[in-house]
Structure formats: C-alpha cells, structure tokens
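Notes follow once the structure below has been shown.
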Amino acid sequence: MNLPVPTIAINWLKNHHRFTNFIAASSLYLKSNFVLAQTLTHDDIKPRILGHWGTVPGLNLIYGGLDFLTHQTGQSTLLITGPGHGAPAILANLFLEGSLSKYYPNLQHNQAGMEYLIKQFSWPKGFPSHTYPGLPGSIHEGGELGYSLGTAFGAAFNNPELLVAAVIGDGEFETGALAASWHSNKFLNPKTDGAVLPIVHVNGYKISNPTIIGTMSDEEITDYFKGLGYQPMIVSQYSEGDIYETWLQTLMEAYSQIKHVQETYIDGTKPQWPAIILRTKKGWTGPAFNHDQKLEDNNYSHGIPLKNPKTDVYELGLLKKWLKSYDIKEFFKSDGSIVDSLFDFIPEEKKLIGQNQNAQFSPPVELELPSLEHFEVTVESRGSKPDSELGGFSKYIREILKNPYNRDKFRVFSPDESESNMLESVLEVTNKPYLWPVREWDKHIGTSGNFMEILSEQTLQSWMQGYNMTGRHGVLISYEAFLSIIASQIDQYIKFLRQSFDFSWRAKVPSLNYIATSSVWRQDHNGFTHQNPILINSMLSKHVDFVSVYFPVDINSMLVTMETVFKDQNSVNLIIAGKTDMPQWLTLTEARKQMEEAVMVWGWIGNEDEDGPDVVLSSAGDYQTVETLAAIQLLRELCPELKIRYVNISSLSCMGFGCKNRVCKTENALNKVFTTDKQVIMNFHGYPEVIKQLVAGEPISMRMKILGYVEKGTTTTPFDMQVKNGTSRYHVAIEAIIAAGMVNTEVYWAQEGLITTLNALIEKHKAYIKEYGEDIPEIKHWKWQ
Ligand SMILES: Cc1ncc(C[n+]2csc(CCOP(=O)(O)OP(=O)(O)O)c2C)c(N)n1
C-alpha cells in the first residue's frame, strides 16, 4: 500500500535534509566562515576535527520523517538513537525544531545560533561528539552500542500513549544485546503498553567492515524479521523512486499498521508490529572520493571523511565543494531568521521530539509503599526463625503490586529466576507478560503483568533503563555471578545519570535497583562458575556519590533496605541478599537504625568493659555475619577473657562505609565504632580488595585485616566455601586471637593452644565432609546462643 504524501511534504523533507546535513557536516570542520560567505581557507578549519559523518545523513532523514509523522498525527513520539555517535544529526534537528535554543538560551534560533552550534560541536566545554543528557529529548547515550531497542521497549511499557522510534545501527544490529532485544515484541501489550517502531539503519558499513545485514538480500531480511514476528518494511535508496517520498510513505504506513495492531488486538493473537529496514548510503551527500579512495557508500565515511583540510589544499577544495552543495544561505532571511517553509512539517511545540515529556522532563511518580510493620518478623530471641530474605522481600513486592495504583509504574525484571530465587509469591498477584502461545500447564504467564522474565540480562537492563528514565520504578533480581554480565551497561547508565545532574531541566528519576542473590557463598550446587561477586568492585569504583551497595542480614533489614531504595531517586543501588534460610537478628526498629548508621556496633554481642575491647570483629554480608557471630560465640567458650566488639556494616559507597547521604567519611566517625587503636578483623561478602580500596591511605587501614572471597570455589558444602576462602568462624577466631594477643596478655599466653584447637577443628571439618558429603551437624544446625 502506497499512501499518498503531498509534494510539499516531499520538498520540505529535501530541504530539511539539506539544512540539517549542512549543520552536521560543518560542525565537524568549521570554526569560522560558517555560511561560507567568504572563500573557505585553512584557517576556518577546527584544529581538531572530531566526530562522525557516515550515519548522519540517514539520521537526518529519519528525524525529518518522524517530524512529519508527528506533525500529521499529533502522536507523542520519543526518539532513541542507537548510533549515539550521530550526535551532529540530532543536534542539527534539535536546533531546527527550536528545542536547543529553549534549553540553551545563548544559542539563538537563527543564523547566529546555528553558527554558535557549529563552533561548539566537539569543542572544549561545548557539545561532546556523542548524544548525552545535554541533548533534550534523549534518554539513551548510544556510545556503547546494543541497547537502543531494549531501552525503547522499556520506555513503552505501561505507556500506552507513547510511540518510541528506535534507530538501530546496522553494526549495532550485530551485538548480542540487540539481537536478544528483538524478542521484546513478545512482551509488549498493544492495549496497555505503548508502541515501538524499530528503524534499522542499514548504511552498509561499520568502522572497518561491511555490516552483516547489509550483505543480506531483501528476501533474507524479510524472512528473518517475519520469523521474529515483525512485519518488515524495507525502504532503499538503491531502489527506484524518490527515497524522500518512499520514506514518508513507509513511515505513515508503519504508523497505520501500529494503530491497527493497537485497535484490533485480541488476547491470544500475535501482534504484527512493523519494523522498518532503511537502506541508505553511508556518508550520503558527502564527498564521493578523495583521490581514488571511495568515501560515500563506504566505511571510510564512518568518522571524518576528509581528514586533512586544515593543511591539504586538495582536501580543502573537496570540503568547500561538499559544504557549498547544501546552499545553506538559501535557508536564512536577510535578518538571519530561518525561512518559514522549513517549519512546515515541524510539530507544534508540545509535540516536538526533543521535548517529549517522557525524556526526564517531568518528576517521577512515587510508589505507594505498604507499611513495613505488616511484614516485620518479630525477633523474640536473636538468631531464631531461620527464613529467606528473598522470600520475605517477595511478600513485600506482592503487597506493592496488590495496590492497583502501583501496577502501571512498577516492574520486576528477572532472567528466568522467579522460581529459583524464591519470588513465587509475587506471582500470586501478577503475571509474567508473554504474548506468544504457551501450553496449558505453563503457569503465571499472561498477556500483561509486572514480572518480566527473559534470559538476557542485557535486555532486562535495557528494559529497566527505559522504564526508569521515563519515570517508573523497577528492580532487577539475578544470580550475583551473572549480574556482572551487565556491569558495563550499568556503568554507562551511571555515566548518563551523572551527566544529567549538570542540566537543571532534567527531572530526577527513580533509583535503579539490583538484587544480587544466589550469592557466591551459597552456590554449593552449581560451583565455581556461579561464584563471582565482582559487580561490587565495579560499582564501587565509579567515583560518584550516588552508587551504593547494601548488605542486609535478615528479613527486617532487607525490608528496610528495599523501602529505602524504592523511595530513593537519582541513585543506583546493588543489594546483596541470600535466598536461603538465615537467622533473624534485628527488629524492624533496629534495622531502621542500622540503615541510618550504616556502620553500627551491635551492643548485645560484645563483652568489652570500660577499657574497650581487645579486638573489633566486623562483617558485611548475610552469610559472613553468621560466620562472624559464630566465631564470637566460639571465642566466648574457648577464651572468655578475650574482649570483643562487633560492628555490622550494612552499606558501602564509592565514598566509603555507608551509603548515599549517610557515609561515614571521617576518621572520627570510623574511630567511634572501630576504636582508635585496636585491630579490626573484617569478614566481607566479596573480594577483600573492595574494602582495601575504600580504606586505602586511611589510618584505619594499618590495623585492619580483611577476609573475603579469594576465588576459591567449587561444588562443595556451604561451610567448606568459607573454609576454602579463609572466612570461616574458625579462621575469624584465629585472627581475633592473634590480634587480641597483642594487647591482652592472658590471650597471648593461651594463643598457641587455642590456635592448635581451631586448626584441629578445620581439619575435622575437612575429614567429615570428605566422608559424609555434608557439613558437620553442629555447623549445619548452628544457632546463636
Ligand atoms: C559495544 C560497542 N562495541 C564497539 C564500539 C565501537 N564502534 C563505534 S561505532 C561502531 C560501528 C557502528 O556501526 P553502525 O551501528 O552501523 O553505526 P553507523 O554505521 O550508523 O555509524 C563501532 C564498532 C561501540 N561503540 N560499542
């Protein structure tokens, strides 16, 4: 079907293309003589020519088309640009539509503003060469390729009025992350979610090579997309006809297909969303050759096509010819204003793509969180009522989702682990959305719901990012080891968030939350490959103050942690929480205090007198807290004269102990809990290097011994994991005895015998598990007394 497009619109798009291509091309090169009023000289060229050209003409065509679509339909349209290196195109379009001038008042919406923009691109303290939060309308950085499509779907979930156009580079198309996110169409409900329009920009080349999809025939591409469940629409500059006309026609056709899907969808059918595959020449309208080097329609136009016009006369001539071909002066009136006809199909201001309210312009809606008192586990005696933190949290989530108010603003993201991570109770009140047919015995799957499961951590992260950047809430729950698959993706999000703080017009976003469960210490059935706490290192290396890692120790502290992070904004939180049954230590009130203090002395454990302790034992992490407390109990029996203080650490941030706004930074604050002079033995959930890094250079580092996971893993008993890594109660007790021996003579004289006893217990453990295949009963059933 070829929908008629008025000639005036086709001509407008051609002019739009010429105008935006000129701005983008000259942004790479010019520091003066912007409209080429004088003869172009070497002096007009920027000293450092930086940026990317190849993708730009295609992006300009796409943006212009989307302007037309939005203008004609009044559709709320958000654009996600996969090739973030195409920023010159996005800047040119934001300039033309007036969004840039709105948020950068010194960048006027006229010829002077355009000149300022050209100069500022890739210029120190100006605009960077990639899309970033300084560009209004952008929620995606597009530097690390692969996440555009998933982010688009995330933005569309529970956003029925929205159309998200996602431009996917044909190089980006090859990434694993992008490949998996095509399946997002099986999770998008046409009635309750918005729409995503994927536009695969096949310009045939990456930096050095042809792209794979670029070498596929139309037939092969069609089969591929049909298999994925899309209705592919191929538009090609190489086909007959006017590409401008076909492009506008195709967009309108795709839009009417989207409307058709939304209006006619009935449960149980497979919605046939359109996907556009747009073939253009890479570097289209740029110089065709430099000497005998082919540039246009080749990978050599990916970055800077002409590299030496600053010094090379021939290249300067080519550049002049290239820039002059756009005839830019035609688009300005004598007073420097832009000719009216360029705005013929630019949407009205409130519909501008660069000002779509979903792109961090409106403050996020808050969740209605149930009172934690309903879920409190009463702690009559410390260490009683073994129960699962994740199980307790699951009931909390269930209540959040029982409230209809929350249902369209909160989703749980999980890589196929709802069962294994004890999250089933959430599924009593919601479903796992999935639209393709399943079998009658497949449980908890429906056409809509809040529990997103796909076995692709990158897709989940992209979904959650899109959902979050458009103001909604989420939590991604995964095996600890495999969360590090998305460590780099989380880094990119942190960078985007960090930069967004520089722009006051960017609204806050709800916190991004990760629960790492099935942790390193309890992978007894899986073993070494599943033992990896490296995400903690990665997140705590970011040098920002809004990234925190939490270590709840029981259900009440887990609840308080989750309430805190769900209320938090503009932050990234990793929560380390086991799923196996754990002793309950803290009342809800104590858990709240622990959250406030982050580093807290548990007075009910220690036996210090007015002279203070001989040694401070400390832990961060649920399983390590059990081991540390077990060590203390053992020491009480074996060496009652040893005076101990116990300190629990419930959160860490890049800035030190504690979390956002509650960081114990000063030596004084740390000395209060850790004493000024006693040895501190710390039993840490993750790699010891995390803590070493946090305390490096601080006086406390000189008296701190840090135990943690040292990459000793296998399929073995839970206690043997602790023994292997030197973090078991016996190891903690030995360290405590050695440390206390330096200040307590009684301990000093008893030290040798005690250590022999403890080493014998370690040997006994080793012999026992070898013979019986499980932990010694008194370890397995250990209880705090
Ligand atoms: C994950 C990732 N790997 C590698 C790169 C380096 N890189 C930048 S652009 C590019 C080629 C991209 O090609 P394509 O997606 O087709 O973009 P376009 O041709 O539209 O510029 C590569 C490999 C990157 N940015 N991200």
Side-chain angles (χ1 to χ4, degrees), residues 17 20-21 24-25 27-28 50-63 65 79-93 122 128-132 140-152 165-182 198-216 221 235-237 247 275-286 294-305 456-459 461-462 465 485-493 495-496:
H17 202 220
T20 49
N21 280 344
S27 294
L28 306 177
L50 301 165
H52 299 80
W53 166 247
T55 192
V56 160
L59 286 181
N60 282 334
L61 182 79
I62 292 169
Y63 206 120
L79 174 65
I80 292 192
T81 313
H85 49 279
I90 307 303
L91 279 162
N93 278 278
S122 268
S129 71
H130 281 61
T131 50
Y132 81 125
H140 174 77
E141 48 79 27
E144 186 169 291
L145 302 171
Y147 316 131
S148 56
L149 186 61
T151 307
V167 185
I168 300 145
D170 48 352
E172 180 183 23
F173 181 85
E174 295 170 18
T175 63
L178 203 290
S181 39
W182 284 115
I199 302 168
V200 188
H201 182 205
V202 184
N203 57 20
Y205 290 90
K206 294 166 279 188
I207 302 175
S208 326
N209 289 290
T211 60
I212 294 170
I213 187 173
T215 64
M216 288 163 70
I221 291 175
V235 192
S236 175
Q237 196 185 353
W247 173 235
I276 298 180
I277 294 90
L278 170 66
R279 291 194 199 263
T280 70
K281 294 181 184 170
K282 193 158 188 165
W284 174 25
T285 73
K294 183 173 170 57
L295 298 177
E296 192 188 23
D297 208 9
N298 200 6
N299 62 296
Y300 293 109
S301 65
H302 175 81
I304 299 292
S456 164
E457 284 76 4
Q458 290 175 316
T459 303
Q461 167 69 15
S462 306
Q465 256 178 242
I485 290 172
I486 52 169
S488 180
Q489 207 177 345
I490 297 174
D491 277 356
Q492 296 296 335
Y493 174 86
K495 283 175 194 290
F496 193 92

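Whatever order the structure lists ligands and atoms in, that order sets their numbers, starting from 1.
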**OP:** Begin with the C-alpha distance, continue with both residues' side-chain angles, and end with the deciding distance and a verdict on side-chain contact (heavy atoms from CB on, under 4.5 Å) for Asn298 and Lys282.
**Re:** CA-CA 6 Å; Asn298 200 6; Lys282 193 158 188 165; over 6 Å; no
Subject >> Test log, rule side-chain contact (heavy atoms from CB on, under 4.5 Å), inputs Ser148 and Leu178 >> reply: CA-CA 7 Å; Ser148 56; Leu178 203 290; 3.8 Å; yes
Subject >> Steps toward side-chain contact (heavy atoms from CB on, under 4.5 Å) verdict (Leu278, Val200) >> reply: CA-CA 6 Å; Leu278 170 66; Val200 188; over 6 Å; no
Subject >> Working for side-chain contact (heavy atoms from CB on, under 4.5 Å), residues Thr285 and Trp53 >> reply: CA-CA 10 Å; Thr285 73; Trp53 166 247; 3.7 Å; yes
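Distances between N or O atoms of Tyr205 and those of ligand 1 include at least one value under 3.5 Å. Ligand 1 has a nitrogen or oxygen under 3.5 angstrom from a nitrogen or oxygen of Lys282. Considering both main-chain and side-chain atoms, Gly171 comes within under 3.5 Å of ligand 1 through a nitrogen or oxygen pair. For the pair His201 and ligand 1, the shortest N or O to N or O distance does not fall below 3.5 Å.
Remark: among candidates Ile213, Ile207, Ile168, Thr211, the nearest residue to atom 23 (C) of ligand 1 is Ile207, based on non-hydrogen atoms.
Ring to ring, His17 and Trp284 are close: their centroids are under 6.0 angstrom apart.
Residue-ligand proximity: Gly143 is placed with a non-hydrogen atom under 4.0 Å from ligand 1.
Atoms of ligand 1 found under 4.0 Å from any heavy atom of Glu144, numbered from 1 in the order shown, are 1 (C), 26 (N). Interface of His302 with ligand 1, defined as ligand atoms under 4.0 Å from a residue heavy atom, comprises 9 (S), 11 (C), 21 (O).
Under 4.0 Å from ligand 1, not a single heavy atom of His52 appears. Proximity of Asn203 to ligand 1, defined as any heavy-atom pair under 4.0 Å, is confined to the side chain (atoms from C-beta onward).
Taking atom 15 (O) of ligand 1 as the reference point, the nearest protein heavy-atom neighbour is Glu172 N, 2.9 Å. Annotation: atom 20 (O) of ligand 1 to nearest protein heavy atom, Thr55 OG1, 2.8 Å. The protein heavy atom nearest to atom 12 (C) of ligand 1 is Leu145 CD1, 3.6 Å. In terms of protein heavy-atom proximity, atom 21 (O) of ligand 1 is nearest to His85 NE2, 2.6 Å.
Taking the six-membered ring for Trp and thresholds of 30 and 60 degrees, His302 and His52 have ring planes more than 60 degrees apart, a perpendicular arrangement.
Annotation for Val56 and Ala24: closest pair CG1-CB, 3.4 Å, computed over non-hydrogen atoms.
There is a side-chain donor-acceptor pair under 3.5 Å between Asn93 and Asn60.
A donor-acceptor distance shorter than 3.5 angstrom exists from the side chain of Gln237 to the backbone of Lys281, with no hydrogens or angles considered.
Protein non-hydrogen atoms do not reach within 4.0 Å of atom 3 (N) of ligand 1.
For Tyr300, the OH atom counts as loosely surrounded, since its 6.0 Å shell holds 12 or fewer non-hydrogen atoms of other residues, nucleotides or ligands.
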